[in-house]
Amino acid sequence: MSQSKEALWPIIRTAGIDGFLISFSHSLSEPANRAALAFREAIENAGWDGIEETSTSLVSTYLRFDPLWHEHSQIQHMLEKLIKKENWLEMELPRGRKLWRVPTVFGTSLAPLFSEAAHAAGLTPDAAIASISQTRVRVQTIGFAPGMPYLGELPQPWDLPRQTELSARIPIGGLCVAIRQLVLFPVETSTGWRHIGQTAIQVFQQNSDDPFLLRPGDEVYFEPTTPERLSSLKKDPYGGAVAEAI
């Protein structure tokens, strides 16, 4: 009897001479992202000797180990045993997460592609602001630039493709949208994602001992504010954002 597609996951792959990648799906989904986060926490809690690093991507957990401490076959066996202990796609999210509320200006000259994105999503400007600001999005992974969060998922109307041409400059704190996800920019850069909102938050705290402000598993509300209030928040490295434990 052939296996179902679901039965093929998770998949354990080697990653170089000292790493493993444990993937829970071939494409992004909420359960697969939750599984990756939960599995990383389980590895951390297991307290295995010789583990030098763990992290997560959108649907995978990465583990790096000391090859002088373990052989690949030993780590593979440990991972297989841990996988069998739970249905990871049904696991709860890790503990110690935060819920952030981030003041955000949608549209205006600060975020010039908002109206275009709202139209592409089939929404009026007011409905677009309500859709995004009322959706509690999760930090699914950190990537591309230091501390840069990928957040999602947004409702289906926001399944927008990236632009075919790059926007030349997105400022620090720019909020951009594509493929039902949001990204917050820690540095000025070009992008194919549409710039729909502007915040004053600095997600990369360069001089801090803990430089990444947001962590995978954290959740965020982007709360509408005015350009005038946002301007007054620029000297605050949190940009007026507040967090609570969840």
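Nothing here was measured: the structure is a model prediction, and the numbers come from that model.
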Are Arg64 and Phe20 close enough, and set up right, to give a side-chain contact (heavy atoms from CB on, under 4.5 Å), and what steps lead you there?
CA-CA 7 Å; Arg64 183 169 63 86; Phe20 279 91; over 6 Å; no
Could you walk me through whether Thr226 and Val105 satisfy the side-chain contact (heavy atoms from CB on, under 4.5 Å) test, starting with their C-alpha distance in whole Å, then the side-chain angles of each, then the deciding distance to 0.1 Å, before giving a yes or no?
CA-CA 6 Å; Thr226 64; Val105 173; 5.8 Å; no
Check the pair Ile11 / Arg13 against side-chain contact (heavy atoms from CB on, under 4.5 Å), numbers first and verdict last.
CA-CA 6 Å; Ile11 292 174; Arg13 303 182 183 94; 3.9 Å; yes
What do the steps show when you test Trp48 against Met78 for side-chain contact (heavy atoms from CB on, under 4.5 Å), and what is the final call?
CA-CA 9 Å; Trp48 297 339; Met78 293 157 66; 3.3 Å; yes
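Remark: aromatic rings of Phe39 and Phe24 are close, center separation under 6.0 Å. Between His195 and Phe114, the distance separating the two ring centers is not shorter than 6.0 angstrom.
Heavy atoms from other residues, nucleotides or ligands lying under 6.0 Å from OH of Tyr238 number 12 at most. The environment of His72 atom NE2 is dense: over 12 non-hydrogen atoms of other residues, nucleotides or ligands sit within 6.0 angstrom. In Gln206, the CD atom is not crowded: 12 or fewer heavy atoms of neighbouring residues, nucleotides or ligands sit closer than 6.0 Å. A 6.0 Å sphere centred on CD of Glu165 holds no more than 12 heavy atoms belonging to other residues, nucleotides or ligands. Within 6.0 Å of CD on Glu244 lie more than 12 heavy atoms contributed by other residues, nucleotides or ligands.
When only modelled atom types and interatomic distance are considered, Arg194 and Gln163 share no side-chain donor-acceptor pair under 3.5 Å. Side chain to side chain, Thr56 and Arg40 fail the donor-acceptor criterion of an N or O pair below 3.5 Å. Trp158 and Ser131 are linked by a side-chain donor-acceptor pair at a separation below 3.5 angstrom, with hydrogens and angles left out of the test. Residues Gln181 and Gln140 bring a donor and an acceptor atom of their side chains to less than 3.5 Å of each other. Of the N and O atoms on the side chains of Thr54 and Glu44, at least one donor lies less than 3.5 Å from an acceptor on the other residue.
The backbone N or O of Leu58 sits less than 3.5 Å from a side-chain atom of Asn33, completing a donor-acceptor pair. In this structure, Ser231 contributes its side chain and Glu228 its backbone to no donor-acceptor pair below 3.5 Å. No donor-acceptor pair closer than 3.5 Å links the side chain of Glu86 to the backbone N or O of Ile83. Panel note: side chain Thr104, backbone Val102; a donor-acceptor pair is recorded below 3.5 Å. At distances below 3.5 Å, at least one donor-acceptor pair connects side-chain atoms of Gln74 with backbone N or O atoms of Glu71. A donor-acceptor contact shorter than 3.5 Å links the side chain of Thr191 to the backbone of Trp193.
Pro227 approaches Thr108 most closely through the heavy-atom pair CG-CG2, 4.3 Å. Smallest separation of non-hydrogen atoms from Val59 and Ser27: CG1-O, 3.6 Å. Nearest heavy-atom pair, Pro149 versus Ile142, reported as atom, atom and distance to 0.1 Å: CA-CD1, 3.8 Å. For Gly239 against Leu233, the heavy-atom pair with the smallest separation is O-CD1, 3.5 Å. Ala117 and Leu160 make their closest contact through O-CD1, 3.7 Å (heavy atoms, listed as atom of the first residue, atom of the second, distance). In terms of heavy atoms, Ala178 sits closest to Arg162 at CB-CG, 4.1 Å.
Side chains of Arg101 and Phe222 form no contact here, defined as non-hydrogen atoms less than 4.5 Å apart. Annotation: side chain of Asp66 is not in contact with side chain of Asp18 (no heavy-atom distance under 4.5 Å). No side-chain heavy atom of Ile170 sits under 4.5 Å from any side-chain heavy atom of Ser190. Between Ile196 and Ile132, some side-chain heavy-atom pair lies under the 4.5 Å cut-off. Between Arg138 and Leu93 there is a side-chain heavy-atom pair separated by less than 4.5 Å. Considering only heavy atoms from C-beta on, Leu184 stays 4.5 Å or farther from Tyr150 through its side chain. Val177 is listed as a side-chain neighbour of Leu154, based on a closest heavy-atom distance under 4.5 Å. Counting only heavy atoms from C-beta outward, the side chains of Leu213 and Phe204 never approach each other to under 4.5 Å.
By the 4.0 Å N-to-carboxylate-O rule, Glu41 lies close enough to Arg95 to be salt-bridged with it. Using a 4.0 Å cut-off between charged side-chain N and carboxylate O, Lys84 and Glu80 make no salt bridge. With respect to Arg97 and Glu219, a salt bridge is recorded, a charged nitrogen being found less than 4.0 Å from a carboxylate O.
For the atom pair Asp218 CG and Leu99 CG, the distance stands at 9.0 Å (nearest 0.5 Å). Distance check, rounded to the nearest 0.5 Å: CD1 of Ile43 to OG of Ser55 gives 9.5 Å. We find the CD-CH2 distance between Glu223 and Trp100 to be 13.0 Å, quoted to the nearest 0.5 Å. Taken to the nearest 0.5 Å, the CZ atom of Phe185 stands 6.5 Å off from the CZ atom of Phe144. Taken to the nearest 0.5 Å, the OG atom of Ser23 stands 10.0 Å off from the CD1 atom of Ile12. Atom CE of Met91 is separated from atom NZ of Lys85 by 11.0 Å, given to the nearest 0.5 angstrom.
In the hydrophobic cluster analysis, where Ile, Leu, Val, Met, Phe, Trp and Tyr join through side-chain heavy atoms closer than 4.5 angstrom, Ile201 is grouped apart from Ile172. One hydrophobic cluster holds both Ile179 and Met148 under the rule that ILVMFWY side chains link at heavy-atom gaps under 4.5 Å. Under a hydrophobic clustering in which Ile, Leu, Val, Met, Phe, Trp and Tyr are joined whenever their side-chain heavy atoms come within less than 4.5 Å, directly or via other members, Phe212 and Leu214 fall into the same cluster. Side-chain heavy atoms closer than 4.5 Å link hydrophobic residues (I, L, V, M, F, W, Y) into clusters, and following such links, even through other members, never connects Val183 to Val187. Residues Leu28 and Val137 fall into different hydrophobic clusters, defined by Ile, Leu, Val, Met, Phe, Trp and Tyr side chains chained together at heavy-atom separations under 4.5 Å.
The aromatic rings of His70 and Phe65 lie perpendicular to each other, with more than 60° between the two planes, well past the 30° mark.
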